[in-house]
Amino acid sequence: MGFDIAFIVGHVDDELLCPICADVLEEPVQSVGCEHAYCRRCIDQWMRLKQICPVDRSILLPEHLGNVSRLMRNMLARLKIKCSFTENGCDQLLQLEDFRAHVALCEHNPKLIVECKKGCGIKVPKDKLASHNCVEELRDTVKVLLDDLKDLKESQASQQLRIVTQRRELELMQYYISALRSSNPVIHGIGEQLDRYSLMQWGNALPLASVRNWGSLVSTPDIPMHVMVRESLRASGCPMHLFNMMVDRCHEDRWPKGLSTLNARRESQHLYQYVARLLPPLVIGKPCVVVLGGDNTHMPPDLVPALGMVLIFVDGVTEMQQEPQPELVYG
């Protein structure tokens with residue numbers, strides 16, 4: 001625990017030796033009662049077993065320990081110590097306070113970790129460098145990484161299965177709540193919150209869309225387009241209990257009042273600052289986006305859908321670069 005007395009240069013007074021490890025004091029502390037001094041680590045380990053001074057057996061508790069005298073600190077500061085690797089060629093004479101840092105980085109330490117200069121860049125103990133084989137080490141490293149990758153994939157598969165199970169349980173609960181909404185206003189409110197949460201969780205996984213040409217909006221899609229919207233929503237993982245609702249809301253009849261007619265859209269187009277999310281494109285190549293109520297609380301009330309709506313465009317829609325989204329919490 002202390003400094004090995006065999007490496008100290010010159011005479012060492014007995015007062016500078018730890019009574020527990022018998023080496024020169026390291027990080028010394030002193031009993032305020034009997035004034036005996038010990039290495040900090042030595043006395044800490046000792047007092048886990050006994051609460052007495054190892055010299056005179058007087059009561060010794062942690063609160064009885066303090067700094068050693070200035071005289072003792074000065075005596076320790078005057079000592080010089082040789083490097084532990086003197087026999088390996090190190091001729092450094094050090095002050096005690098510099099000893100540990102020097103030994104950890106001493107170039108004569110055969111166990112010093114160094115980097116292979118042959119090209120692999122692997123770090124090995126210095127005394128193993130001569131027998132180091134880059135190819136074998138890299139092969140072992142690759143094997144370890146592949147094993148780690150396998151474990152991660154298994155963990156990911158397990159987590160995905162758990163997510164799927166929990167999603168199904170949530171959807172069942174949401175179906176149950178939907179059935180109770182008409183008879184219980186409290187349940188109705190909870191159901192609205194759950195629907196909003198489900199749509200926003202789904203929406204956060206979709207890329208953001210930039211709409212440059214609102215004039216290309218398809219307001220009255222025909223039956224084939226409805227079918228394609230259904231497939232696009234299914235491919236994007238739209239919550240199943242809201243699936244039919246979102247399919248229906250690709251027609252202007254189901255849009256907010258400010259979007260429900262061509263004249264209304266012309267009058268309010270200068271206000272369009274929607275946060276829109278890109279769905280997989282329709283089979284015919286037309287871009288398709290969803291606008292969710294939770295994304296657009298900044299918009300005028302007559303332009304915000306209660307939950308969400310689907311918009312089909314002829315052109316003028318591109319994907320935006322998106323910052324990672326924080327996890328949503330709805331109260």
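Note: hydrogens, waters and symmetry copies are ignored here, and every other heavy atom, side chains too, is used.
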- request: Hey, could you give me the NE2/CD1 distance between H36 and I20, rounded to the nearest 0.5 Å?
  value: 11.5 Å
message: Between T297 (side chain only) and G294 (backbone N and O only), is there a donor and an acceptor less than 3.5 Å apart?
response: no
- prompt: Judged by atom type as modelled, is there a donor-acceptor pair below 3.5 Å linking the side chain of Q30 to the main-chain atoms of E35?
  reply: yes
field: For R230, all residues meeting side chain to side chain contact (heavy atoms under 4.5 Å, CB included), sequence neighbours excluded
entry: R234, F243, N244, V247
Please tabulate, for the side chains in residues 144-163, all donor-acceptor contacts under 3.5 angstrom to protein atoms that are two or more places apart in sequence or on a different chain.
from : atom 1 : to   : atom 2 : distance (Å)
D147 : OD2    : K143 : NZ     : 3.3

message: Is there a side-chain contact between E27 and C39 in this structure, where contact means two heavy atoms from C-beta onward sitting under 4.5 Å apart?
response: no
- prompt: Does T86 use its side chain to pair, donor to acceptor, with the backbone of C83 at less than 3.5 Å?
  reply: yes
query: Just by modelled atom types, is the L105 backbone N or O under 3.5 Å from a matching donor or acceptor in the N109 side chain?
result: no
message: Rounded at 0.5 Å granularity, tell me how far CD in E319 sits from CG in L206.
response: 10.0 Å
statement: Connected to L217, directly or through other members, by ILVMFWY side-chain contacts below 4.5 Å are V211, W214, W255, L259, L271, Y272, Y274, L278, V289, V291, M299, L303, V304, M309, L311, F313, V317
Flag if over 12 foreign heavy atoms under 6.0 Å of CG, L93: yes
- prompt: Just by modelled atom types, is the P239 backbone N or O under 3.5 Å from a matching donor or acceptor in the S198 side chain?
  reply: no
Run the side-chain donor-acceptor check on residues 47-73: report pairs under 3.5 Å with partners two or more places apart or on a different chain.
from : atom 1 : to  : atom 2 : distance (Å)
Q51  : NE2    : M47 : O      : 2.5
D56  : OD1    : S58 : N      : 3.0
D56  : OD1    : S58 : OG     : 2.8
R57  : NH1    : P54 : O      : 2.9
H64  : ND1    : L61 : N      : 3.0
S69  : OG     : M72 : N      : 3.2
R73  : NH1    : V68 : O      : 2.7

query: Does K257 NZ have over 12 foreign heavy atoms under 6.0 Å away?
result: no
- prompt: What residues form a side chain to side chain contact (heavy atoms under 4.5 Å, CB included) with P110, not counting sequence neighbours?
  reply: F85, N88, D127
statement: With sequence neighbours left out, the residues meeting side-chain hydrogen bond (donor to acceptor under 3.5 Å, both in side chains) with R254 are none
query: Of all heavy-atom pairs between M320 and S210, which one has the smallest distance, and what is that distance?
result: CG-CB, 3.5 Å
task: Tell me, please, which residues at least two apart from D98 pass salt bridge (Lys or Arg N to Asp or Glu O under 4.0 Å).
output: none
query: For N213, which residues count as a side-chain hydrogen bond (donor to acceptor under 3.5 Å, both in side chains) partner, sequence neighbours excluded?
result: D315
message: According to side chain to side chain contact (heavy atoms under 4.5 Å, CB included), who are the partners of D14, at least two apart in sequence or on a separate chain?
response: L17
field: Counterpart residues, salt bridge (Lys or Arg N to Asp or Glu O under 4.0 Å), relative to R249 (two or more places apart)
entry: none
message: Holding to side chain to side chain contact (heavy atoms under 4.5 Å, CB included), I want the full list of residues that pass it with Q92, two or more places apart in sequence or in another chain.
response: C90, L94, H102
field: Contacts of R139 that satisfy salt bridge (Lys or Arg N to Asp or Glu O under 4.0 Å) - sequence neighbours left out
entry: none
